[in-house]
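Quick caveat: nothing in here was measured; it's all calculated off a predicted structure. In what follows, every chain begins at residue 1, and chains take the letters A, B, ... in the order their sequences are listed.
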There are 2 protein chains.
Amino acid sequence: MMQGKPSTPARRSDATRTAILEAARERFAADGYERATIRAIAKHANIDPSMVMRYYGNKEGLFAAAVSIDLKLPDPASLSRDDAGRTLVTHFVDMWEKNEVLTALLRVGATNQAGAERMRGIFADQLLPVARRACPDPEQAPARAALVSSQLLGLALTRYVLRFPPSVALAPEEIVAWLAPTVQRYLTAPYPA
Amino acid sequence: MMQGKPSTPARRSDATRTAILEAARERFAADGYERATIRAIAKHANIDPSMVMRYYGNKEGLFAAAVSIDLKLPDPASLSRDDAGRTLVTHFVDMWEKNEVLTALLRVGATNQAGAERMRGIFADQLLPVARRACPDPEQAPARAALVSSQLLGLALTRYVLRFPPSVALAPEEIVAWLAPTVQRYLTAPYPA
DNA sequence: TATCGTTGCCAACAAGCGTTGACCAACAAC
DNA sequence: GTTGTTGGTCAACGCTTGTTGGCAACGATA
């Protein structure tokens with residue numbers, strides 16, 4: 001997820017290591033933290049449970065390694081202030097559709113301390129800078145970013161986690177059409193109160 | 001939660017029973033389904049774990065008894081179509097602020113099959129009828145209700161479960177001011193397509 | 001060929017889980 | 001007072017969990 005140079009000299013066990021990570025992501029996404037047991041993950045990856053411990057230390061270490069995520073949000077500098085809403089929503093739906101790591105993170109964040117902490121970090125490091133650039137008064141950025149995240153994560157929750165049928169049935173374009181104005185307003189509309 | 005007439009003749013163990021339910025709600029809300037162990041719930045209520053089994057059969061039964069919830073949504077018939085958004089948001093914030101059952105349900109729904117099923121039931125039985133009355137074309141009610149729930153549950157997620165600091169910091173009136181127009185639009189604005 | 005670190009499998013551990021059944025104390029009916 | 005029902009305690013069960021250490025096979029180096 002974040003190794004550009006071959007600082008690590010290509011171990012013979014790399015195949016096993018990535019197999020474990022893939023299985024872990026799948027199980028965390030489907031079951032959450034507690035029910036995704038190391039034994040189940042190992043069986044899913046066709047390896048021995050003890051290998052997980054050798055390569056990732058313990059279950060927390062495995063989780064940390066499995067769900068390191070870069071939202072790849074557009075560069076705040078190059079973001080047009082007028083269609084920031086549409087851009088953000090489109091990008092989010094894309095990410096969620098193809099990347100099960102996000103579902104894993106949301107499921108775990110709901111019941112696990114470390115998972116929630118990780119989500120707060122992503123919020124602060126990745127979404128907040130965008131809001132800081134897109135909204136008029138930087139001092140309002142945290143509140144506006146929180147509103148944006150409530151709508152985006154709420155959609156993810158009802159669509160990918162709780163699976164409300166009408167939410168699952170929405171076409172990506174419909175989602176963008178409905179949510180883009182909301183996000184746009186949260187970012188740029190004058191503060192009510 | 002739903003006994004109007006004294007069909008049950010007031011057992012001597014009622015105090016214990018409700019103490020268990022209260023402790024269960026608290027633990028489910030704080031820890032989710034798996035980590036809220038029967039032993040922890042029992043200790044919290046100062047009773048023996050075996051009493052939980054005697055009175056509620058098993059852990060699933062306890063959960064079902066602990067999180068039966070009535071959203072007490074306003075009667076769809078008496079709902080003014082013009083400020084349905086504000087009414088709904090105000091009502092939701094009120095409920096979430098005072099009732100930890102909702103947090104318990106959301107936490108459990110994220111990782112537990114039965115919990116998610118319960119949330120889908122509440123959505124279909126309680127929110128959908130309101131949408132059916134408030135939106136122009138009844139055929140669009142499911143999609144519109146899904147959008148409304150995505151925003152409302154998203155706020156609950158970031159505020160009460162993940163506890164994003166800026167989301168926690170929002171005053172109830174701010175929440176209403178920002179979210180009411182969103183919900184109103186999801187209910188009554190012409191379908192974009 | 002001998003050596004040594006790496007990779008993998010296996011069996012086991014202690015702890016915690018949901019759940020059960022035997023047993024005692026308090027009360028109600030007769 | 002005796003009897004039967006109810007409320008509550010205690011100890012244990014079978015099972016799963018995360019985690020550990022020993023041991024055999026492999027691959028490169030010498």
With a non-hydrogen cut-off below 4.0 angstrom, is A:Thr16 in contact with a base, only sugar-phosphate, or nothing?
-> sugar-phosphate
Selection from C:dT7, D:dT9, C:dT20 that lies nearest to any side-chain heavy atom of B:Met53 | C:dT20
For salt bridge (charged side-chain N to carboxylate O under 4.0 Å, His left out), just list the numbers for B:Lys59 and B:Glu34, CA-CA rounded to whole Å, side-chain angles, deciding distance to a tenth of an Å, and then say yes or no.
-> CA-CA 10 Å; B:Lys59 192 175 179 181; B:Glu34 334 283 339; 5.6 Å; no
Quick note, B:Pro49 side chain, CB onward, closest among C:dT19, D:dT19, D:dG18 is C:dT19
Given C:dT19, D:dG8, D:dT9, the nucleotide with the shortest approach to the side chain of B:Ser13 | D:dG8
B:Tyr55 side chain, from C-beta outward: closest of C:dT19, D:dG18, D:dG8 | D:dG8
A:Thr37 side chain: which of D:dG8, D:dT17, C:dC9 is closest?
-> D:dT17
Separation of A:Asp14 atom CG from C:dT6 atom P, in whole Å?
-> 13 Å
Grab the CE-C1' distance between A:Met51 and C:dG8 for me, whole Å please.
-> 5 Å
Rounded to the nearest angstrom, tell me the gap between atom CG in B:Asn58 and atom P in C:dT20.
-> 8 Å
Spacing between A:Ile20 atom CD1 and D:dG18 atom P, to the nearest angstrom = 14 Å
Start with the C-alpha gap between B:Arg120 and B:Glu117, add the side-chain angles, then the distance that decides, and say whether salt bridge (charged side-chain N to carboxylate O under 4.0 Å, His left out) holds.
-> CA-CA 5 Å; B:Arg120 285 193 288 268; B:Glu117 186 58 49; 2.8 Å; yes
Between A:Phe28 and A:Tyr33, what is the ring plane arrangement, given parallel below 30°, perpendicular above 60°, and tilted in between?
-> parallel
Value in whole Å for how far the C1' atom of C:dG16 lies from CD of A:Glu34 | 13 Å
Distance-only donor-acceptor test (3.5 Å): side chain A:Arg39, base D:dG18 | yes
Provide, to the nearest angstrom, the distance between the CZ atom belonging to A:Arg27 and the P atom belonging to D:dG18.
-> 13 Å
Can you tell me how far P of C:dC10 sits from CD1 of A:Ile47, to the nearest Å?
-> 12 Å
With A:Thr182, which of B:Leu147, B:Val183, B:Thr182 fulfils side chain to side chain contact (heavy atoms under 4.5 Å, CB included)?
-> B:Thr182
Salt-bridge criterion met for B:Glu100 and B:Arg107 (N-O under 4.0 Å) | no
Figure out the CZ/C1' separation between A:Arg54 and D:dG21, and round it to whole Å.
-> 10 Å
Base, sugar-phosphate alone, or nothing: which one does A:Tyr56 contact when heavy atoms must sit under 4.0 Å apart?
-> nothing
Measure from the side-chain heavy atoms of A:Arg12 and tell me the nearest of D:dT19, C:dT19, C:dG5.
-> C:dG5
